[in-house]
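Input: a single structure, listed below in structure tokens.
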Amino acid sequence: MSQPVDSTPETDAQSSEQSSSSPQPQNSWQKGAIALGILAILGGAVWGGRQLLFSPSSPPAVAQSRGSQPTPVKLEKLQASTLIQSSKFVGALEAKERVALRAETDGRVTEIFVESGDVVEKGTPILQLSPERSQAEVNRAQADVD
């Protein structure tokens, strides 16, 4: 028992919209599949053309060497020579302990008693200052006392 359907302009418009909207996704899917097929055909044609144009006219060397023919070899005479091994390293040295040296008085250095890197004990003289300035100070101090 079916019920009668009233046909009004509104229901006709809705049904036409529904019928027109459903083919669109199918239509775009078909266009994509066709475009993909065309790209595959063009890619195969390009690959085939490259194979024909750039293929060597003679068979590859691997196929020729599979027979009983020997492989050509180049021989060279060896010469004895000295091998020098060397290595280059970049680095920095830093002392474990540091000492700051300062003179008790100002003056001009006249003589140095030690070399760089020498080990010295506390109280060992390492340099001598010019006595001119220190003598002048002694004279002044003596004059002040008098």
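Just so it is clear, the structure is predicted and the values come from calculations on it, not from any experiment. Computed from heavy atoms alone, side chains included, the values below leave out hydrogens, waters and symmetry copies.
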Would you kindly confirm whether Val120 and Phe113 end up in one hydrophobic cluster when ILVMFWY residues are joined by side chain heavy atoms under 4.5 Å apart? no
With rounding to the nearest 0.5 Å, note down the distance linking CG in Leu52 to CZ in Arg50. 12.0 Å
Could you state the interatomic distance from CG (Asp144) to CG (Asn139), rounded to the nearest 0.5 Å? 11.0 Å
Any chain of hydrophobic side-chain contacts (each under 4.5 Å) joining Trp29 to Ile38? no
Group every Ile, Leu, Val, Met, Phe, Trp and Tyr by side-chain heavy-atom contacts under 4.5 Å, then state whether Leu42 and Ile34 land in the same group. yes
Euclidean distance, Ile112 CD1 relative to Ile126 CD1, rounded to 0.5 Å: 8.5 Å
Grouping ILVMFWY residues whenever side-chain heavy atoms fall under 4.5 Å, the cluster of Val73 otherwise contains Leu75
Atom pair CG/CZ of Leu129 and Arg108 - distance to nearest 0.5 Å: 11.0 Å
